[in-house]
Protein chains: 2
Amino acid sequence: MNCGARSSSLLGSFCDHSLEEVNSMKTCAYYKKNQPLFVEGSLQRGVYCLNQGKVKVFTRGDEGKEQIIHIAKEGEIIGFRAMFSGEPYKVSATTLEESNICFIAKEDFLNMIDTNPALRNGIMQELSKELGDRAVFITNMAQKSVRERLAFSLLILGDIYGAEEINLTREDLANFVGTATETLIRLLKDFKDEEMIEIHTRKIEIINKQKLLHLAGK
Amino acid sequence: MNCGARSSSLLGSFCDHSLEEVNSMKTCAYYKKNQPLFVEGSLQRGVYCLNQGKVKVFTRGDEGKEQIIHIAKEGEIIGFRAMFSGEPYKVSATTLEESNICFIAKEDFLNMIDTNPALRNGIMQELSKELGDRAVFITNMAQKSVRERLAFSLLILGDIYGAEEINLTREDLANFVGTATETLIRLLKDFKDEEMIEIHTRKIEIINKQKLLHLAGK
DNA sequence: TTTTAAAGATGATTAATATCATTTTTTAAA
DNA sequence: TTTAAAAAATGATATTAATCATCTTTAAAA
């Protein structure tokens, strides 16, 4: 078996077995941990469908420090944003763990969109939603303290990792929150002392979601 | 005369006189300064076409402080992002100066998109581009100092205001940069002392773009 | 299993920026 | 034109978070 990912979203169904049309044009592959799918500045050849695993989507600041914009999980399509802009990638994507990922060539993908209005609407909806999410993200970055942002980030990661424990290096977590690694480590200890999380070496378990929600200002 | 705005973009042509189809379904109106077009959380009824003037697009953080995401100028369509997401507005839009703005009802706009592939592609391109821009914006917010962000912001505003001088309250400018008003005022003075800008009461003139570019880290 | 490298943690210090209080200037209204 | 209100500016102080240096633990490789 290769492509077993499901999602309730319009877009998610795209990668589904049921679409024979898709099945015939995609090539699936195994990716190991820390393997790049594509790199900022390069030209796009197609889109990636994440069947199994996690992928970080990030940009690099002037000093090369990563800012993680999004962490994709099973069922997500990665890299379709650059498909319509006509520009090179503005972000990079790299696996965070062993993953199973299918690739669909640009022309095949665009062709499908032209002939499939439901898919097209799903894409437009997704683009719009993300645009709204990023406006909120920007506001959080600009106005919240690092402590509040960490609470907020842990909640997002909690949703992404679901039943599993959050499993990221301290550096990746810092690059998601937008802070220095040392600051992040200190705050994680505070959160542990305040009994919001438990730390199992590098894995993080949320034990008081309510308290995190309150801290994040929701 | 009412609608005189032009733009070289695919989308810009939408508001153009030449599209008789558009002309017949839009209603133009005069907006005075600080008049809202729509407010975060409300449901969308259509899109706005800015013929003359400036509009700020912003979200509010938990303490009610505005974070300006974008400043729209002549020729831009405002609020079409929420059109496809099916969600209420995640941002608010308010005029920054006297403006002339046309409104096109949601059903008319969606209908046009269904029947006009070029327009549709223009929209998808615009959505994708902005998504990329916002990834960069997030990274700037997370990694750059306020000083660097001010330089960056002034350059963006320089492009928006073109031949005119930048004309915003200190508070709006602070809310665009993502800082406290007092901090912004102090930094503006520094920039003046370092001969990067000139300040004419509330208007700001860029006199050394090169230096600003260097500071912004480009 | 031992060795090495990477990741995580901690302490001390500095720098940046927010906050609060107050004053001055500008703009708009009476 | 005077008055009131809003915007801009300034000073003092507190706080947050970055930076640099070092040490410990964990994971991976020889």
Side-chain angles (χ1 to χ4, degrees), chain A residues 32-34 56 61-67 94 96-98 139-153 165-193 197-204 215 217, chain B residues 32-35 56 61-68 94 96-98 139-153 165-193 197-204 215 217:
Chain A
K32 54 188 176 185
K33 198 173 166 175
N34 294 320
K56 64 175 171 183
D62 300 325
E63 272 91 55
K65 186 176 160 74
E66 293 180 6
Q67 176 61 44
T94 298
L96 286 168
E97 52 190 60
E98 295 189 359
T139 308
N140 283 343
M141 278 295 171
Q143 297 188 6
K144 284 187 197 290
S145 66
V146 174
R147 190 177 149 84
E148 290 168 323
R149 260 152 45 206
L150 175 56
F152 194 84
S153 300
E165 296 188 343
I166 296 164
N167 186 8
L168 285 172
T169 65
R170 297 291 185 263
E171 192 181 357
D172 277 334
L173 185 49
N175 290 342
F176 187 51
V177 174
T179 187
T181 308
E182 297 94 323
T183 301
L184 175 106
I185 288 169
R186 282 179 246 263
L187 283 172
L188 273 185
K189 208 173 89 179
D190 291 348
F191 279 30
K192 198 187 95 186
D193 292 345
I197 59 170
E198 263 178 25
I199 299 175
H200 309 126
T201 38
R202 81 170 244 180
K203 293 184 182 174
I204 298 166
L215 212 172
Chain B
K32 53 188 175 186
K33 198 174 168 175
N34 294 322
Q35 200 176 334
K56 64 175 171 182
D62 301 324
E63 273 91 53
K65 187 178 159 75
E66 293 180 6
Q67 175 61 43
I68 297 179
T94 298
L96 287 168
E97 53 191 61
E98 294 189 357
T139 307
N140 283 344
M141 279 295 171
Q143 298 189 4
K144 284 188 196 291
S145 67
V146 174
R147 191 177 149 84
E148 289 169 324
R149 259 148 49 203
L150 175 56
F152 194 84
S153 300
E165 295 188 344
I166 296 165
N167 186 9
L168 286 172
T169 65
R170 298 290 186 262
E171 193 181 356
D172 277 335
L173 186 49
N175 290 342
F176 187 53
V177 174
T179 188
T181 308
E182 298 94 323
T183 302
L184 175 105
I185 288 168
R186 283 179 245 263
L187 283 172
L188 273 185
K189 208 173 90 179
D190 292 349
F191 278 32
K192 198 187 94 186
D193 292 345
I197 59 171
E198 262 178 26
I199 298 175
H200 309 125
T201 38
R202 81 169 240 180
K203 292 184 182 175
I204 298 166
L215 213 171

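The structure displayed is predicted, hence computed values, not measured ones. Within every chain, numbering begins at 1; the chains are lettered A, B, ... in the order of the sequence lines, protein sequences first and strands thereafter.
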(Q) So does B:Lys144 get a backbone contact from the side chain of B:Arg149, meaning a donor-acceptor N/O pair under 3.5 Å? (A)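 Yes, the answer is positive, given that a donor and an acceptor are paired below the 3.5 Å cut-off.
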Q | Expected output: side-chain B:Gln67 to main-chain B:Asn175 donor-acceptor under 3.5 Å | A |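 Flag set: sc B:Gln67 to bb B:Asn175 pair under 3.5 Å.
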Q. Under a 4.5 Å cut-off applied to non-hydrogen side-chain atoms, are A:Leu150 and A:Leu188 in contact?
A.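 Yes, at least one pair of side-chain atoms sits under 4.5 Å.
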Q) With side chains defined as the heavy atoms from C-beta onward, is the minimum distance between A:Ile199 and A:Lys189 less than 4.5 Å? A)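 Side chain of A:Ile199 against side chain of A:Lys189, heavy atoms only: no contact under 4.5 Å found.
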Take atom [atom1] of [X] and atom [atom2] of [N], then tell me their distance rounded to the nearest Å.
X	N	atom1	atom2	answer
A:Ile199	D:dT25	CD1	P	16 Å
B:His200	C:dT25	NE2	P	19 Å
B:Lys32	C:dA28	NZ	P	14 Å
A:Gln143	D:dT16	CD	P	17 Å
A:Lys144	C:dT17	NZ	C1'	19 Å
B:Leu168	D:dA6	CG	P	20 Å
B:Asn34	D:dA7	CG	P	8 Å
A:Lys203	D:dT26	NZ	P	15 Å

(Q) At less than 4.0 Å, is any side-chain N or O atom of A:Arg170 found next to OP1 or OP2 of C:dA9? Yes or no. (A)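 Yes, within the criterion.
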Q: Please identify each residue that fulfils salt bridge (charged side-chain N to carboxylate O under 4.0 Å, His left out) with A:Lys65, with sequence neighbours left out.
A: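 Scan of A:Lys65 (salt bridge (charged side-chain N to carboxylate O under 4.0 Å, His left out), adjacent residues dropped) gives none.
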Q. With both distances under 3.5 angstrom, what nucleotide forms a Watson-Crick or G-U wobble pair with D:dT1?
A.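 The base-pairing partner of D:dT1, which may sit in any strand shown, is C:dA30.
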Q) For D:dT13, which nucleotide is its Watson-Crick or G-U wobble mate, given both distances must be under 3.5 Å? A)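 Per the H-bond distance test, C:dA18.
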Q) Which ones in residues 178-189 of chain A lie close to DNA chain C, meaning a heavy atom under 4.0 Å from one of its atoms? A)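 Going residue by residue through residues 178-189 of chain A, the ones with a heavy atom under 4.0 Å of DNA chain C turn out to be A:Glu182, A:Ile185, A:Arg186, A:Lys189.
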**Q.** B:Glu165, CD atom: more than 12 neighbouring heavy atoms under 6.0 Å
**A.**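 Enclosed: over 12 neighbouring heavy atoms sit under 6.0 Å from CD of B:Glu165.
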Q: Verify the neighbour count for atom CD of A:Glu171: are there more than 12 heavy atoms of other residues, nucleotides or ligands below 6.0 Å?
A: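 No, because the 6.0 Å sphere around CD of A:Glu171 holds 12 heavy atoms or fewer from other groups.
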